[in-house]
Amino acid sequence: MFDNKNIYIQIPSVQPCASVVKNFMSTEKYNIAESEAKWRKAWNERKCFEVTEDTTKDKYYVLEMFPYPSGRIHVGHVRNYTLGDVVARYRRARGFNVLRPMGWDAFGLPAENAAIERGAHPSDWTISNTAEMREQLQSMGLAIDWSREITTCKPDYYRHEQAMFLKFLERGIAYRKESMVNWDPVDNTVLANEQVVDGKGWRTGAPVERRKLNQWFLKITDYADELIDDLDKLDRWPEKVRIMQENWIGRSKGLQFKWDIVGKDEQIEVYTTRPDTLFGASFLALASDHPMAQELGTDKDGFDAFIKKCQAIGTSEAAIEQAEKLGFDTDHTATHPLLKREVPVYIANFVLMDYGTGAVFGVPAHDQRDFDFANKYDLSITRVISDGQDDELTEAYTGEGTLINSGILDGKDIASAKELIIQKCEEDGSGFGTTQYRLRDWGVSRQRYWGCPIPIIYCDDCGPLPVPEDQLPVELPKDISFDKPGNPLVHHPTWKNTTCPKCGQPATRETDTFDTFFESSWYQFRYCDPHNDSAPVGKDKANYWMPKGATVEQYIGGVEHAVLHLLYARFFTKIMRDCGYVDCDEPFMGLFTQGMVTHETYKDANGKWITPIEYEALVDKSTAKVGPSIKMSKSKKNVIDPEDILKTYGADAARLFILSDSPPERDLEWTESGIEGAWRFINKLHRIVMDYQQHIPAHDTPKPTHFADDINELRSAAHKTINGIAKSIDDFAMNKVVAQIRELSNLIASPKQAENYVKLDGGAWAIRETLEILIKLFNPMMPHLAEELWSALGHNTLLADEPWPVADESLLVDDTVTIGVQVNGKVRATITLSPDANESEAREAALGQDNVKKAMDGKQVRKFIYVPGKIVNVVAG
RNA sequence: GCGGCUGUGGUGAAAUUGGUAGACACGCCAGAUUUAGGUUCUGGUGCUUUCGGGCGUGGGGGUUCAAGUCCCUUCAGCCGCACCA
């Protein structure tokens with residue numbers, strides 16, 4: 001409990017013979033550091049933001065993507081957590097039971113790299129980083145329930161994902177297979193498909209190699225349909241992210257069917273999304289690594305050279321674009337299943353073994369690539385879709401049309417032709433309608449130390465076996481050496497040695513650890529019940545905070561996780577549901593993706609990158625070059641350390657600046673003048689309250705019965721702002737929130753105005769009312785200042801516990817409205833009317849305007865348009 | 001190539017269902033306060049002008065009494081995916 005007497009209050013110095021205006025011009029500054037620390041302590045002691053399940057209140061779960069404990073927070077974190085804080089504090093004020101937790105995504109490679117580079121143990125390095133970053137986050141004044149903090153590298157967290165993995169194994173959701181994997185040669189580990197960007201490792205940027213390894217997988221492909229179909233439920237997700245996930249899953253419907261090879265017993269299975277064009281097929285093409293390719297091509301000259309050429313082509317975007325479409329004629333033919341005509345079989349470098357069946361049929365008339373290929377190798381081109389013109393094709397025709405040259409399909413449209421041909425193939429057994437996905441199963445094994453151990457034991461006789469539940473968790477050994485390259489768990493002298501749970505013979509542990517996206521796939525549940533020893537989350541707790549359909553109300557983070565974390569977390573939620581852990585289908589109902597924080601870049605006279613601070617320190621700035629404002633990065637040296645900002649300007653100024661100007665979904669340019677502007681506004685708000693303080697009545701003074709007109713207008717503006725800001729926060733339009741705060745404060749900020757207001761009828765009371773509304777409205781953005789001013793106005797409650805103000809409906813309606821008067825569509829004057837004035841009143845007022853008469857230039861009114869409350873348009877001619 | 005987003009003052013940006021374009025800031029200009037700088041206060045600031053106006057939301061066209069907003073077309077920038085059959 002804090003004592004009101006201890007509150008830091010500044011009384012502006014009043015000069016004996018100063019004018020009244022002088023009274024409203026204090027120059028005292030707000031002691032930011034002292035005040036902010038005091039209020040954080042008060043919230044903390046009161047445990048304001050700790051929550052329990054409370055069925056009497058509506059609940060609201062707001063979550064921001066938890067940070068990786070790299071050592072220090074960056075400006076992106078400040079933006080992310082400020083946005084979440086505005087939502088959390090606002091919802092709390094609206095009476096919601098708000099869950100707003102924080103934790104650490106604590107497994108990951110930087111910890112191992114730190115161990116290799118400077119000998120720190122990954123665990124110590126990580127834990128000390130969390131301590132430092134916790135302090136930094138706390139200095140932002142975030143409304144977080146720290147009692148629910150989770151750290152994913154601790155056994156009390158990861159033991160539950162080991163148990164879940166065993167459950168997945170039991171259910172057939174997890175499995176082991178040998179497969180070609182993406183190998184990052186720098187990090188010495190496997191990458192998931194989602195982690196390969198442009199043929200390179202997403203973290204290291206090193207070209208990814210292909211290797212054959214035994215890996216554990218999760219069957220995300222079994223959920224492909226649900227993952228796509230449920231995107232429709234996520235109507236509070238950005239369209240962009242939903243489209244990206246849909247494309248990533250890449251569902252396509254088509255026909256899979258067999259072609260006979262002339263003179264061979266084998267058949268070639270082909271997949272197509274355009275079965276309607278089957279009658280236009282003029283060749284078959286196999287992937288170079290297709291099992292049949294060897295058999296068909298090997299006895300012909302040049303085969304080996306061709307295969308080599310295919311494999312030499314890189315996977316990078318540029319290489320693919322430039323790569324020529326090459327084919328190798330096997331001299332074999334296949335029989336068209338319907339036409340019974342023979343078509344040549346090629347091996348082609350553009351056919352992918354990974355997708356479909358690794359074999360395609362080519363329809364040159366209706367596919368550009370096939371068209372080019374046919375021209376190159378002189379293959380026939382048969383048009384089967386008519387556009388009504390049927391001119392000679394100079395390029396493939398891919399539009400709508402009617403089937404021609406297609407036997408039974410002639411005259412049909414494309415959709416019904418597809419249906420019919422699939423039906424026919426299913427009848428004669430040559431093929432079947434099927435769905436293909438681009439999505440591949442999620443390989444979760446990583447050959448690293450600093451991750452959650454995969455709870456598997458390998459026995460020479462019994463094979464891979466799950467670690468018995470009573471032996472969980474399988475903890476990482478603390479004594480570990482990074483002397484040798486590769487996975488330290490493999491080199492550990494004893495850790496991997498164990499006994500087979502089935503036969504009792506000596507056996508070895510799995511030394512791979514889980515992909516770190518494993519931890520972040522279910523943490524949203526753990527926050528609901530962070531100290532549960534027996535289950536990842538208690539169902540009662542999960543069902544309170546994340547019942548079926550409700551889940552996390554608002555999730556906030558960067559768009560870079562659109563197909564990584566956000567897809568895995570959705571998948572994990574579904575498999576946890578199917579294994580009985582939770583009841584909900586989706587983890588995040590609302591998703592907001594924030595933009596990046598950018599900063600100008602600078603180069604010195606030698607063309608070397610220099611920091612903003614170094615640039616400012618230059619004696620002669622003309623020798624340096626100022627570059628564009630781009631995402632902050634260490635290599636470009638345009639990074640701003642939030643801690644410096646928090647120390648210099650305070651948390652409120654940093655928060656205010658980050659919310660001002662740029663809409664949160666767009667990139668935000670960090671500028672010195674911007675943060676200074678925010679800081680000045682903080683001081684201004686403080687000054688306004690301090691200046692008025694001695695002129696307004698106590699907070700429990702009854703409302704006067706009469707207000708002067710000007711005061712009514714002020715009150716009306718204040719009450720309108722209540723609803724305006726609420727709507728803007730709901731819309732995530734924080735830049736507009738700040739604008740409205742400034743607008744309202746501008747009404748009372750001017751010393752001249754202030755002097756007037758307090759003299760008017762009801763003025764002093766209304767000023768207090770306005771100030772209190774203003775303070776409550778900016779509280780979610782600048783909570784320290786708001787507490788400070790709230791107490792300065794004589795309250796001894798915490799503002800954090802105060803409800804959102806309620807707008808007085810009678811003050812929301814205007815008795816007059818000013819609208820524009822157009823003459824032939826151009827605004828010539830404005831008139832002020834009652835909002836429900838009738839047309840003849842509007843006509844009289846409008847036509848009486850000098851500027852309107854002038855613009856009409858003696859012409860007649862041909863038409864008079866009056867939209868009450870909006871506009872008058874006089875059509876003259 | 002496919003899909004998506006964005007184009008508004010010197011800058012960041014506002015603008016419910018079409019209804020006074022540029023709110024709110026940054027910057028800049030002038031004045032006041034200050035020993036000075038900073039702070040603070042007062043006023044101004046889309047472009048142009050012969051001071052009547054005229055022109056203005058990437059370009060062109062259209063619908064409408066009325067278009068930043070709707071339709072067609074075109075250009076530019078950014079993001080995602082990409083030999084996906």
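Chain identifiers are assigned alphabetically (A, B, ...) following the order of the sequence lines, protein sequences preceding nucleic acid strands; residue numbering begins at 1 within each chain.
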Participant: Mind checking whether A:Y397 and A:H366 have parallel, tilted or perpendicular rings, split at 30° and 60°?
Facilitator: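 Perpendicular, since the angle between the ring planes exceeds 60°.
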
Participant: Counting the atoms with a prime plus P, OP1 and OP2 as sugar-phosphate, which does A:R828 contact under 4.0 Å by heavy atoms, base, sugar-phosphate, or nothing?
Facilitator: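 A:R828: backbone/sugar contact only, no base atoms under 4.0 Å.
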
Participant: Of all the choices, B:C84, B:G4, B:C41, which nucleotide is nearest to the side chain of A:K240 once you look at every atom?
Facilitator: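 Nearest to the side chain of A:K240 among the choices is B:G4.
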
Participant: What nucleotide, of B:U42, B:A21, B:G80, holds the atom closest to the side chain of A:Q822?
Facilitator: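 The nucleotide sitting nearest to the side chain is B:A21.
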
Participant: Considering only the P atoms, how many Å lie between B:C70 and B:G7, rounded to the nearest integer?
Facilitator: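 12 Å, rounded to whole Å.
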
Participant: Please report the distance separating the P of B:G56 from the corresponding atom of B:G9, rounded so that it comes out in whole Å.
Facilitator: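 About 14 Å, rounded to a whole number of Å.
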
Participant: Nearest to the side chain of A:I243, heavy atoms from C-beta on, is which of B:G4, B:C84, B:U40?
Facilitator: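 Selected nucleotide: B:G4.
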
Participant: Say you pick atom P in B:U39 and the same atom in B:A30; how far apart are they, in whole Å?
Facilitator: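 Between the two P atoms, the distance is 16 Å.
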
Participant: Between A:Y271 and B:A85, is there a contact of a side-chain N or O with OP1 or OP2 at under 4.0 Å?
Facilitator: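 Result: no.
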
Participant: Measure the distance from CD1 on A:I741 to P on B:C24 and round it to the nearest whole Å.
Facilitator: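 Distance check: A:I741 CD1 to B:C24 P gives 14 Å.
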
Participant: Compare all side-chain heavy atoms of A:L326 with those of A:K376 and state whether any distance is below 4.5 angstrom.
Facilitator: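 In contact.
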
Participant: Using the purine O4'-C1'-N9-C4 or pyrimidine O4'-C1'-N1-C2 torsion, is B:G9 syn (within 90° of 0) or anti?
Facilitator: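 Syn, angle within 90° of zero.
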
Participant: Ignoring hydrogens and geometry beyond distance, is a side-chain donor-acceptor pair present between A:D441 and A:T221 at under 3.5 Å?
Facilitator: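 Per modelled atom types, A:D441 and A:T221 side chains form a pair under 3.5 Å.
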
Participant: Taking B:G52 as the reference, what is the distance to B:C41 when you measure between their C1' atoms (whole Å, please)?
Facilitator: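 After rounding to an integer number of Å, I get 37 Å for this pair.
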
Participant: Checking one value: the base orientation of B:G27, syn if chi is within 90 degrees of 0, otherwise anti.
Facilitator: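 It is anti.
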
Participant: Would A:R843 pass as a cation-pi partner of A:Y866, given that its NZ or CZ must be under 6.0 Å from the six-membered ring centre and within 45 degrees of the axis?
Facilitator: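 Checked: cation-pi criterion not met.
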
Participant: Does A:R862 place a side-chain N or O at less than 4.0 Å from the phosphate oxygens OP1/OP2 of B:C65?
Facilitator: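 Answer is no, no contact under 4.0 Å.
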
Participant: B:A82 C1' sits how many Å from A:E246 CD, rounded?
Facilitator: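 Result: 16 Å.
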
Participant: A:E755 CD to B:C41 C1': how many Å, rounded?
Facilitator: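 So the CD-C1' distance, A:E755 to B:C41, works out to 14 Å.
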
Participant: Ignoring backbone atoms, test whether A:R680 places a side-chain nitrogen or oxygen under 4.0 Å from the OP1 or OP2 oxygen of B:C26.
Facilitator: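 Checking A:R680 against B:C26: at least one side-chain N or O falls below 4.0 Å of OP1 or OP2.
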
Participant: Does the side chain of A:R369 get closer than 4.0 angstrom to OP1 or OP2 of B:C84 through an N or O atom?
Facilitator: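 A:R369 to B:C84 OP1/OP2: side-chain N or O found under 4.0 Å.
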
Participant: For the C1' atoms, the ones on B:A15 and on B:C24, what distance do you get once it is rounded to whole angstrom?
Facilitator: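 Result for the C1' pair: 12 Å, nearest Å.
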
Participant: Does the pair A:D276 and A:I421 meet the rule for a side chain to side chain contact (heavy atoms under 4.5 Å, CB included), with working shown?
Facilitator: CA-CA 7 Å; A:D276 52 306; A:I421 197 87; 5.7 Å; no

Participant: Under 4.0 Å: is that the gap between some side-chain N or O of A:N873 and OP1 or OP2 of B:G19?
Facilitator: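 Answer is no, no contact under 4.0 Å.
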
Participant: Hey, does the side chain of A:R742 come within less than 4.0 Å of B:C26's phosphate (OP1/OP2), counting only N and O?
Facilitator: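 Result: no.
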
Participant: Say you pick atom C1' in B:G12 and the same atom in B:C65; how far apart are they, in whole Å?
Facilitator: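 Approximately 36 Å lies between the C1' atom of B:G12 and that of B:C65.
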
Participant: Distance alone, cut at 3.5 Å: any donor-acceptor contact between the side chains of A:T357 and A:Q256?
Facilitator: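 No, A:Q256 and A:T357 have no side-chain donor paired with an acceptor closer than 3.5 Å.
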
Participant: Could you tell me how far B:U33 sits from B:G37 if I compare only their P atoms? Round to whole Å.
Facilitator: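 Taking atom P in both B:G37 and B:U33, they lie 12 Å apart.
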
Participant: Taking the side chain of A:Y355 as heavy atoms from C-beta outward, which of B:C84, B:A15, B:G53 is closest to it?
Facilitator: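 For the A:Y355 side chain, the nearest candidate turns out to be B:C84.
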
Participant: Does A:N746 put a side-chain nitrogen or oxygen below 4.0 Å from OP1 or OP2 of B:A25?
Facilitator: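 The answer is yes; a side-chain N or O of A:N746 sits under 4.0 Å from OP1 or OP2.
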
Participant: Quick one: is A:K826 getting a side-chain N or O under 4.0 Å of the B:G53 phosphate, OP1 or OP2?
Facilitator: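 The answer is no; no side-chain N or O of A:K826 sits under 4.0 Å from OP1 or OP2.
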
Participant: Report which part of the nucleic acid A:S662 touches: base, sugar-phosphate, or nothing (heavy-atom distance under 4.0 Å, all strands).
Facilitator: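 If one applies the 4.0 Å heavy-atom cut-off, A:S662 turns out to touch the sugar-phosphate alone, with no base involved.
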
Participant: Taking it one step at a time, do A:T770 and A:Y692 satisfy side-chain hydrogen bond (donor to acceptor under 3.5 Å, both in side chains)?
Facilitator: CA-CA 11 Å; A:T770 304; A:Y692 274 114; over 6 Å; no

Participant: With respect to the phosphate group of B:C84, does any side-chain polar atom (N or O) of A:T273 fall under 4.0 Å of OP1 or OP2?
Facilitator: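 The answer is no; no side-chain N or O of A:T273 sits under 4.0 Å from OP1 or OP2.
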
Participant: What's the closest nucleotide to the side chain of A:V360 if the choices are B:C81, B:G27, B:A85?
Facilitator: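 Nearest to the side chain of A:V360 among the choices is B:A85.
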
Participant: Parallel, tilted or perpendicular: which one describes the rings of A:Y377 and A:F373, with boundaries at 30° and 60°?
Facilitator: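 Rings of A:Y377 and A:F373: tilted, as their planes differ by 30° to 60°.
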
Participant: Near RNA chain B, which residues from residues 863-872 of chain A have a heavy atom under 4.0 Å away?
Facilitator: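 Only A:K863, A:I865, A:V867, A:K870, A:I871 qualify.
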
Participant: Is there a side-chain contact between A:S430 and A:K258 in this structure, where contact means two heavy atoms from C-beta onward sitting under 4.5 Å apart?
Facilitator: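 They are not in contact (no side-chain heavy atoms under 4.5 Å apart), so the answer is no.
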
Participant: Please tell me which of the listed nucleotides, B:C24, B:A14, B:C84, lies nearest to the side chain of A:E743?
Facilitator: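 The listed nucleotide nearest to A:E743's side chain is B:C24.
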
Participant: When rounded to the nearest Å, what value does the distance between C1' atoms of B:U16 and B:G80 take?
Facilitator: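 Looking at atom C1' only, B:U16 and B:G80 are 32 Å apart.
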
